Amino acid sequence: MLYIIVFFVCFLSSIAGAICGIGGGVIIKPVLDALGVMSVSAVSFLSGCTVLSMTTYSVLKSKMSGESRIEKKTGFPLALGAAFGGVAGKWLFSLISSLSPDKDKVGAVQAACLFVVTLGTLCYTLYKDKIRTYQVTAPAVCVAIGLVLGILSSFLGIGGGPINLVVLFFFFSMSTKTAAENSLYIIFFSQIASLVSSLLTGSVPEFQISMLVLMAAGGIGGGIAGRVINKRLTDRLVNRLFIVLMVVILFINIYNIYRFAL
């Protein structure tokens, strides 16, 4: 029963992640934390692997189909910065974990940070039509922005999350669907770097291989379904789905803060 629940959490989260460009980890991580099925570190690692499997499919499929919306002039520097940020975020998570003997406290910190990020994202999304946006093109600035995104996504174990979209809206004036695809591209690089860092430093937590395979399968399946659905939705509908997800994630994180802090 546990495996079925975990699979569908990953599958449905990855569908939403592929549609909105949030990777799915921002849903998988807090939901599995709330269920208490694995340790905080295992959930962070496996959530990242699930997101990587989904974004790998989405990025490669988009490239092969010739329908890519990725803006290479800004997308590659962002992805490069996110890759370094992914390594830095993983190091930061390991540092905080080593400083706290109570692993639940680490989960509380993650949940609190994710709550703040999600709340800020929701507020921006609701009022974005009234907020002036920019068109950043300087490669160095793009790398710096990608670095921050990579650190946040890796430390929180969410892959990428809603903060990517807000940054792409604000700094690069992207439409909803274009931002979603560029977000997945950034997540792809940050998660590869994060995974390689974990393997090289020997900081991979204990987990069941069968769980990894199951979650990755859910991620890929969700990526396939989400890509199909995304093509049939307007920017307006994608934006509405994004807002609903943000509200749900906020409530899940409130529960996780309460659960881990006590």
Side-chain angles (χ1 to χ4, degrees), residues 1-18 22-60 86-87 89-94 96-98 100 102-111 114 153-161 184 187-227 245 248-249 252-253 255-256 259-260:
M1 186 64 180
L2 171 61
Y3 280 81
I4 295 175
I5 293 173
V6 171
F7 174 80
F8 276 103
V9 167
C10 294
F11 178 68
L12 296 175
S13 299
S14 295
I15 289 177
I22 58 176
V26 70
I27 306 172
I28 296 171
K29 176 67 168 67
V31 169
L32 293 187
D33 276 343
L35 292 175
V37 295
M38 289 175 276
S39 68
V40 171
S41 58
V43 171
S44 293
F45 179 79
L46 292 178
S47 174
C49 290
T50 305
V51 171
L52 177 59
S53 66
M54 185 276 280
T55 53
T56 298
Y57 167 79
S58 297
V59 170
L60 292 180
V87 175
K90 181 64 66 176
W91 173 82
L92 182 62
F93 176 79
S94 298
I96 293 178
S97 296
S98 65
S100 174
D102 185 355
K103 301 307 177 186
D104 281 349
K105 297 302 181 184
V106 179
V109 171
Q110 284 184 311
L114 185 53
S153 65
S154 183
F155 171 71
L156 296 176
I158 59 175
L184 294 179
I187 294 168
F188 171 70
F189 278 88
S190 68
Q191 287 308 116
I192 286 181
S194 179
L195 176 60
V196 171
S197 174
S198 294
L199 294 174
L200 292 178
T201 58
S203 58
V204 177
E206 292 185 5
F207 63 88
Q208 295 180 327
I209 295 296
S210 56
M211 188 64 77
L212 171 61
V213 173
L214 185 77
M215 291 176 68
I220 295 173
I224 294 172
R227 181 177 172 80
L245 288 174
V248 173
I249 293 166
I252 294 174
N253 278 293
Y255 170 77
N256 282 337
R259 173 175 175 267
F260 285 124

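Nothing here was measured: the structure is a model prediction, and the numbers come from that model. Because only heavy atoms are used, hydrogens play no part in the values below, and waters and symmetry mates are left out as well, while side chains stay in.
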Under a 4.5 Å cut-off applied to non-hydrogen side-chain atoms, are [X] and [Y] in contact?
X	Y	answer
V31	S13	no
F260	V40	yes
Q208	M38	no
T56	Q191	no
Y3	M215	no

How long is the straight-line distance from [atom2] of [Y] back to [atom1] of [X], given to the nearest 0.5 Å?
X	Y	atom1	atom2	result
S194	F93	OG	CZ	10.0 Å
I96	W91	CD1	CH2	9.0 Å
K29	Q110	NZ	CD	3.5 Å
S197	I192	OG	CD1	13.5 Å
K90	S203	NZ	OG	6.5 Å
Y57	I220	OH	CD1	10.0 Å

Backbone N/O of [Y] and side chain of [X]: donor-acceptor pair under 3.5 Å:
X	Y	value
T55	L52	yes
S39	A42	yes
S14	G222	no
N256	P30	yes
R259	D33	yes
N253	L114	no
T50	L46	yes

Minimum heavy-atom distance [X]-[Y], with the two atoms named:
X	Y	answer
F7	A217	CE1-C, 4.1 Å
A225	F11	CB-CZ, 4.4 Å
A18	L184	O-CD1, 4.1 Å

Self-check item: S58: side-chain hydrogen bond (donor to acceptor under 3.5 Å, both in side chains) partners, not counting sequence neighbours
Solution: none
Quiz item: Any chance CZ of F8 has more than 12 other-residue heavy atoms, nucleotides or ligands included, within less than 6.0 Å?
Solution: no
Quiz item: Does the side-chain contact (heavy atoms from CB on, under 4.5 Å) test come out yes or no for L195 and C49, once each step is laid out?
Solution: CA-CA 7 Å; L195 176 60; C49 290; 4.2 Å; yes
